[in-house]
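Have a look at the structure below before the remarks.
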Amino acid sequence: MDSTGSLAAALADPAPTAARLLLGALLTANDVTVRIVEVEAYGGVGEDPASHAYRSRSERNSPMFGSPGTVYVYFTYGMHWCANVACGPAGSAAAVLLRAGEVIGGNELASSRARSRLSDAKLASGPARLARALRIDGTFNGCSVLTPDSPVRLTASESGWPISSDAVCSGPRIGIRSATDWAWRFWVEGSPAVSSYRAGIRR
DNA sequence: CTATAGATAATCT
DNA sequence: GATTATCTATAGA
C-alpha cells in the first residue's frame, strides 16, 4: 500500500488515534510544506463538550461532517484562521486540529507571510501561524487533503512516517474550558516548533 | 526569561 | 450581547 492509502486508513480511525497518526505527515499548500508536529483531537455531536460539533451541525461546522480528510477551517479571535481535518467515519463529525509544524519547504514564502518577524522554528508554531504560513483561509473549507488536485495535500514519506510511539507525548488540550482533563493533545517530543503555552489564562 | 492586556469579527444564544 | 480550539506588543524581573 502506498503512503497516501495508509494516511487515508489512519484518518478513518477515531479522533485520538487519527490525531497521533498525523504526526510526522507532510502538509503542503500554496508552495509551502510543513511536517506536522502538534495536533489536537475533537469529537462529534454530543460526545465532546469542547468540540465545535458538540451541539449540532451548523453552517460553520458542516465540513466536520464530511468524509475523512475533509478540511474544516474556522475564523476566531477576530483575526486568526485555524485548520482541521475531519476524521473517523463520514458523518461522525470528529476532527483533528493542526496546531504546529516544522517548515521544510518554501521557507522564505512562509517567512514573508508571517505577521511579525519569526525564527524559522516558529513560522508554523501554533494553529493560527500554521494556517498563515500555508495561506489557508475560509476558501479551503470542504477540500480534501487526500485528493490529488486539492489546494491542500497530506502526504507521508515512507522513511519518516509513522512516528515511533516513543517520540509522541500527550496532554490536555489548550485554550478550551471544558473536558480539560482529556489528554487529546499530541506532539512530537523535542520538536522546536511545538508551542509552549502558559498554563493559566486569567480572565 | 515570564506575565498580562488588547486586538478584532464571525458565530451562537 | 457574550463568547472564542490565538497571537503579539509591552512591561517587569
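Because the structure is a prediction, the values reported are computed rather than measured. Excluded from the calculations below are hydrogen atoms, water molecules and symmetry mates; all remaining heavy atoms, backbone and side chain alike, are included. A, B, ... follow the sequence lines: proteins, then strands. Residue 1 opens every chain.
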Note to self: Does the structure show a Watson-Crick or G-U wobble partner for C:dA13, both distances under 3.5 Å? Name it, or say none.
What the structure shows: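 No nucleotide pairs with C:dA13.
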
Next item on the list: Could you check which nucleotide pairs with C:dT4 in any of the strands shown, counting Watson-Crick or G-U wobble with both distances under 3.5 Å?
Entry: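 The answer is B:dA9, by the H-bond criterion.
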
Between atom [atom1] in [X] and atom [atom2] in [N], what is the gap in whole Å?
X: A:R113; N: C:dT8; atom1: CZ; atom2: P; answer: 16 Å
X: A:K122; N: C:dT8; atom1: NZ; atom2: C1'; answer: 11 Å
X: A:R185; N: C:dA5; atom1: CZ; atom2: C1'; answer: 12 Å
X: A:Y42; N: C:dT4; atom1: OH; atom2: C1'; answer: 11 Å
X: A:H80; N: B:dG6; atom1: NE2; atom2: C1'; answer: 11 Å
X: A:N61; N: C:dT4; atom1: CG; atom2: P; answer: 16 Å
X: A:M64; N: B:dT11; atom1: CE; atom2: P; answer: 15 Å
X: A:R132; N: C:dT8; atom1: CZ; atom2: C1'; answer: 12 Å

Under 4.0 angstrom, heavy atoms only, what part of the nucleic acid is [X] near: base, sugar-phosphate, or nothing?
X: A:R173; result: nothing
X: A:T76; result: base
X: A:L97; result: base
X: A:A128; result: sugar-phosphate

Margin query: Checking A:Y74 against A:H52 for the ring pair (Phe, Tyr, Trp, His ring centres under 6.0 Å) test, could you report, in this order, the C-alpha distance in whole Å, the side-chain angles of both residues, the deciding distance, and whether it holds?
Written below: CA-CA 10 Å; A:Y74 66 90; A:H52 284 176; 4.7 Å; yes

Any side-chain N or O of [X] less than 4.0 Å from the OP1 or OP2 oxygen of [N]?
X: A:R177; N: C:dA5; result: no
X: A:S58; N: B:dC12; result: yes
X: A:R99; N: C:dT6; result: yes

Next item on the list: Run through A:I36, A:L123, A:V34 and flag the one making a side chain to side chain contact (heavy atoms under 4.5 Å, CB included) with A:L130.
Entry: A:V34

Check: To the side chain of A:R115, which of B:dC12, C:dT6, C:dT8 is closest?
Finding: C:dT8

Note to self: Quick check for you: among C:dT8, B:dT11, B:dA9, whose closest atom lies nearest to any side-chain atom of A:F75?
What the structure shows: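 For the A:F75 side chain, the nearest candidate turns out to be B:dA9.
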
Check: Crowded around A:R55 CZ? As in, over 12 foreign heavy atoms under 6.0 Å?
Finding: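 Result for CZ/A:R55: open.
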
Item checked: hbond_proxy A:Y74 side chain to C:dA5 base (donor-acceptor, 3.5 Å cutoff) -> yes

Note to self: Taking A:L109's backbone N and O only, do any of them form a donor-acceptor pair with A:S112's side chain (distance below 3.5 Å, no angle check)?
What the structure shows: yes

Notebook entry, point to check: Less than 4.0 Å between a side-chain N and a carboxylate O, is that true for A:D181 and A:R173?
Noted result: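 Answer for the salt bridge query: no.
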
